[in-house]
Every structure is written in structure tokens, then in C-alpha cells.
Protein chains: 2
Amino acid sequence: MNPKAEVILFPKHARQPRQFRQWLASILQTFQEHLGRQGLKLTRQREEILRALMAAERHLGIDELYLSLKRQDPSIGRATIFRTIKLLQECGLVAEVGSSNGRSKFELKADRPHHDHMICVECGRITEFQSPMMERFQDGAIRRHGFVALWHRHEIFGRCRDCLKRRPRG
Amino acid sequence: MNPKAEVILFPKHARQPRQFRQWLASILQTFQEHLGRQGLKLTRQREEILRALMAAERHLGIDELYLSLKRQDPSIGRATIFRTIKLLQECGLVAEVGSSNGRSKFELKADRPHHDHMICVECGRITEFQSPMMERFQDGAIRRHGFVALWHRHEIFGRCRDCLKRRPRG
DNA sequence: CATTCTATTGAGATCGAGTCTCATTATCAA
DNA sequence: TTGATAATGAGACTCGATCTCAATAGAATG
């Protein structure tokens with residue numbers, strides 16, 4: 001396995017406007033198709049929320065999302081954000097990540113390479129890593145159980161390199 | 001990989017009284033040591049809760065635990081159960097499992113083989129599976145990041161065989 | 001464009017898992 | 001037994017998430 005493949009990954013699309021627009025269009029289409037399939041509609045608010053998630057370079061909590069959206073659309077309601085996040089989870093565009101202390105955080109999954117998370121219980125830092133081989137064995141296990149996977153969550157809790165250096169024994 | 005290794009696993013200790021007592025003693029000691037290290041005390045309630053978790057052959061929610069304990073000790077309080085579960089998580093004896101619809105479930109980790117979970121979003125059923133190869137690649141990734149793992153959670157959300165049979169398309 | 005049917009929205013009420021408070025009680029070491 | 005301190009249970013409280021409902025927006029049709 002190539003160690004180079006295991007690195008902290010953040011979307012850099014926002015820095016290349018042309019590519020960002022293409023990315024947005026393709027993801028919007030995915031969302032719209034999901035909505036269409038269930039007789040639901042693509043509204044201004046739903047698009048704004050998806051856009052905010054795409055522009056974010058880190059995991060967002062509901063409240064961060066709410067405050068950031070409120071700036072450009074003061075009338076937006078918390079309930080709409082909860083409802084939209086749920087829709088986005090259903091169609092696999094968004095996944096919940098590390099809900100320590102009761103506050104869920106979310107990230108966009110679409111068009112990003114598969115990755116899992118290591119969460120430091122001391123400083124709270126979330127490190128992303130990839131392991132294609134793990135995915136392969138996981139897929140095998142899923143198939144063998146006749147299960148159809150919608151999304152998955154693989155979180156390793158522990159202490160990160162920096163915290164270990166700072167205090168070798170907790 | 002041997003498919004036989006991937007099967008729903010439940011502790012059968014409860015059916016062999018002698019072994020169960022030994023198991024109980026060894027786990028109680030682990031718990032007591034953890035408490036001692038922090039100047040805390042092993043109380044009747046804490047022992048009852050641990051015992052109930054050990055006797056359970058499946059994942060327990062707080063409420064199930066509460067009701068089952070209430071039968072033999074009507075004065076026990078919910079708060080004590082929350083507090084004790086937290087202590088047991090801290091010393092690695094108990095782990096949270098699949099908190100779909102807001103209700104956390106817990107399982108005893110001690111002396112049980114490593115396993116992960118597949119959670120059906122339709123019927124809520126939790127299927128356990130093992131995949132030693134996945135664990136191996138995971139350990140490699142952890143080591144490469146200089147991380148020290150305390151526990152991990154690997155949950156696959158999707159639809160189980162039975163629900164797929166019942167309603168092929170959600 | 002007007003019409004109609006349905007989905008969506010935001011505000012605020014509501015729910016409920018989990019936490020906290022506090023007076024009382026249990027644990028344990030000396 | 002005693003004294004210091006931790007633990008308990010009841011119920012109040014927190015606060016993230018959900019629900020309700022009247023008003024509004026979207027899409028399809030003529």
C-alpha cells in the first residue's frame with residue numbers, strides 16, 4: 001500500500017472557480033435526481049445548503065452551517081437545515097462524522113476519495129486517512145451478508161502524534 | 001478469508017455457570033482497578049449494572065437496562081446507569097454501538113473477539129461481522145500516522161437481506 | 001398568465017436522551 | 001466506630017433534534 005495515499009485531504013475546488021462550477025453542477029444534478037425520484041423539489045434553500053457544504057473546507061456542525069447561511073439569507077430556519085441534511089444523507093452526498101459531545105458534524109462525500117477518520121480524544125483533531133485495501137475487504141463482507149450498503153462510518157478514537165509527544169502517558 | 005468467521009456472535013458464557021463466574025470475577029477486577037486508580041468506589045449498583053450487561057446476549061439500550069435492573073432493584077435510578085456506563089466506556093469494558101434514532105445501544109467489549117457492525121436503516125437490526133484482514137490494514141494505517149488507538153467503531157448503514165426481500169426498492 | 005395541487009418553509013412548540021443538583025446514604029480506610 | 005468523601009435517586013434542567021401549522025413557493029396544466 002502506498003503511504004502517499006494516506007494524507008489529510010480537503011477539497012481545493014473552491015480555489016479554482018471553473019472547476020468548482022462544474023463540480024457544483026454535477027452534484028446538484030445528483031441531488032435533483034434523488035429528489036425527483038421521490039417527487040420532491042429543488043428549492044433555493046436546499047441549493048444554498050448544499051453549496052455551503054461544498055465550499056466548506058472542513059467538517060461542519062449544524063450550528064456553524066446555520067450561522068454561515070444566515071449571513072446571506074437571514075430568514076433561513078434551523079429546521080430546514082436539519083431536513084436538508086437528512087435528505088443529503090439519504091442519497092449519500094453527505095455523511096455524519098464524529099458526533100462527540102452530542103453535536104453531530106457533517107461532511108460532503110461526493111466526488112471525494114473514500115476515507116475514514118482518526119479522532120484524537122485529547123485535542124479533538126480529526127485526521128482523515130485512506131485505505132483502499134480495507135475498503136475491499138469490507139465490500140466483501142457486506143456482499144457475503146446480502147447487505148446493501150448506503151454509507152458507512154469508520155472512526156478510530158485514540159491519541160494523536162502531537163498529543164503523545166506533549167504528554168507521553170495520559 | 002473464511003466466510004465461517006463472519007457470523008453473528010453472542011456470548012454463551014451465561015449458560016456455563018462456572019465459567020461465567022470466572023469471567024465475572026476477572027471483569028469485575030478490571031473495573032475495580034480502574035475505579036481504584038481514580039479514587040472511586042465499587043458499589044452495589046455498579047456491580048449490578050456490569051452484571052446485567054454481561055448476562056445480556058445482545059446490545060442493550062439504556063432503557064432496556066433500566067427496566068431489567070428495576071425488576072431486581074426497584075430503587076435504581078436512570079442517572080446511575082448513565083454514570084456507570086460512562087465509567088465502563090472510559091476503561092474500555094463497554095462500547096457504544098449504532099446510535100440510530102438517537103437511542104444509544106451498548107455492548108460489553110471485554111473478552112469478546114473484535115467485530116464490526118452492519119446496521120439496517122429500515123428495521124434497525126444490527127448484524128455483527130468479523131474481518132481480520134480489515135483489522136490488519138487498519139492497524140497499519142494507524143501505526144503510519146503515529147496514532148495510538150484506544151477503541152474504534154466501524155458501522156455500515158444500509159438495508160439488510162430480509163428488508164431487501166420484503167421491499168426490493170425502498 | 002392564471003389555476004391548482006402539492007411540497008416546502010420558518011417560527012415556535014414540543015420531545016426526549018442525557019446531565020446536573022442536592023439532600024441523603026453508602027463505602028472504605030483508619 | 002468514626003470521619004472524610006464518593007455515590008445515589010428524584011426530579012429539574014439542557015439543548016439538539018423533531019414536529020406542527022399557517023403561509024408560501026414550485027411545477028404542471030390549460
Side-chain angles (χ1 to χ4, degrees), chain A residues 28 31-50 52 59-91 94-106, chain B residues 28-29 31-52 59-91 94-106 121 124:
Chain A
L28 260 179
F31 191 27
Q32 201 156 17
E33 276 165 12
H34 174 72
L35 294 173
R37 238 175 283 127
Q38 322 215 359
L40 308 179
K41 294 160 186 171
L42 180 62
T43 62
R44 179 175 49 78
Q45 290 91 336
R46 284 177 181 167
E47 191 173 331
E48 277 169 2
I49 291 166
L50 183 50
H59 307 106
L60 285 182
I62 293 285
D63 234 61
E64 295 169 286
L65 206 45
Y66 175 65
L67 293 176
S68 113
L69 284 163
K70 193 118 191 151
R71 247 178 278 136
Q72 63 176 84
D73 177 1
S75 80
I76 202 161
R78 272 189 166 78
T80 302
I81 297 179
F82 278 107
R83 287 185 284 230
T84 303
I85 289 278
K86 212 168 191 183
L87 285 170
L88 288 165
Q89 280 184 280
E90 275 168 27
C91 64
V94 158
E96 191 180 334
V97 152
S99 63
S100 61
N101 43 17
R103 250 157 247 217
S104 303
K105 292 199 162 199
F106 300 89
Chain B
L28 260 178
Q29 199 186 342
F31 191 27
Q32 201 155 16
E33 276 165 12
H34 174 73
L35 294 172
R37 238 175 283 129
Q38 323 217 356
L40 307 180
K41 294 159 185 170
L42 179 63
T43 62
R44 179 174 49 78
Q45 289 91 335
R46 284 177 180 166
E47 190 172 331
E48 277 170 2
I49 290 166
L50 183 51
R51 207 183 271 268
H59 308 103
L60 285 183
I62 293 285
D63 235 64
E64 294 168 289
L65 206 45
Y66 176 64
L67 293 175
S68 113
L69 283 162
K70 194 117 190 151
R71 246 177 279 134
Q72 64 176 85
D73 176 1
S75 81
I76 202 161
R78 273 189 164 80
T80 301
I81 296 178
F82 278 107
R83 286 186 285 232
T84 303
I85 288 280
K86 213 168 189 182
L87 285 170
L88 288 166
Q89 279 184 280
E90 274 168 28
C91 65
V94 157
E96 190 181 335
V97 152
S99 62
S100 64
N101 42 20
R103 250 157 248 217
S104 303
K105 292 199 163 198
F106 300 90
V121 296

Checklist entry - Which residue pairs pass the side-chain hydrogen bond (donor to acceptor under 3.5 Å, both in side chains) test with at least one member in residues 68-80 of chain B, sequence neighbours excluded? => result B:Arg44-B:Asp73, B:Asp63-B:Arg78, B:Tyr66-B:Lys70, B:Asp73-B:Ser75
Checklist entry - Just by protein heavy atoms under 4.0 Å, how would nucleotides 7-15 of chain C read 5' to 3' in B, S and -? => result SSBBS----
Item to check | Results of side-chain hydrogen bond (donor to acceptor under 3.5 Å, both in side chains) for A:Glu33 - residues two or more places apart only | outcome: A:Gln29
Next on the checklist: Going by side chain to side chain contact (heavy atoms under 4.5 Å, CB included), name the residues that satisfy it together with B:Gln32, two or more places apart in sequence or in a different chain.
Outcome noted: B:Leu42
Checklist entry - B:Phe106 has an atom CZ; how far is it from atom C1' of C:dA17, in whole Å? => result 10 Å
Checklist entry - Expressed in angstrom and rounded to an integer, what is the separation of A:Ile62 atom CD1 from D:dC15 atom P? => result 17 Å
Checklist outcome for this item: In this structure, CG of B:Leu67 is separated from CD1 of B:Ile62 (nearest 0.5 Å) by 11.5 Å
Checklist entry - On DNA chain C, nearest-nucleotide positions of B:Phe82 versus B:Gln32: which is more 5'? => result B:Phe82
Checklist entry - Below 4.0 angstrom from OP1 or OP2 of D:dA17, is there any side-chain N or O of A:Lys86? => result no
Next on the checklist: Using the salt bridge (charged side-chain N to carboxylate O under 4.0 Å, His left out) criterion, which residues pair with B:Glu90? Sequence neighbours excluded.
Outcome noted: none
Item to check | Atom-to-atom span, CD1 of B:Ile85 to P of C:dG18 - whole angstrom | outcome: 10 Å
Item to check | Rounded to 10 degrees, the angle between the two terminal axes of the helix from C:dC1-D:dG30 to C:dA30-D:dT1, each from five pairs | outcome: 40°
Next on the checklist: My understanding is that only residues two or more places apart in sequence, or in another chain, count here; which of them pass side chain to side chain contact (heavy atoms under 4.5 Å, CB included) with A:Glu64?
Outcome noted: A:Arg58, A:Leu60, A:Lys105
Checklist entry - Just wondering, do B:Thr84 and B:Gln45 contact through their side chains at under 4.5 Å, heavy atoms? => result no
Checklist entry - Is any side-chain heavy atom of B:Gln89 less than 4.5 Å from a side-chain heavy atom of B:Ile85? => result yes
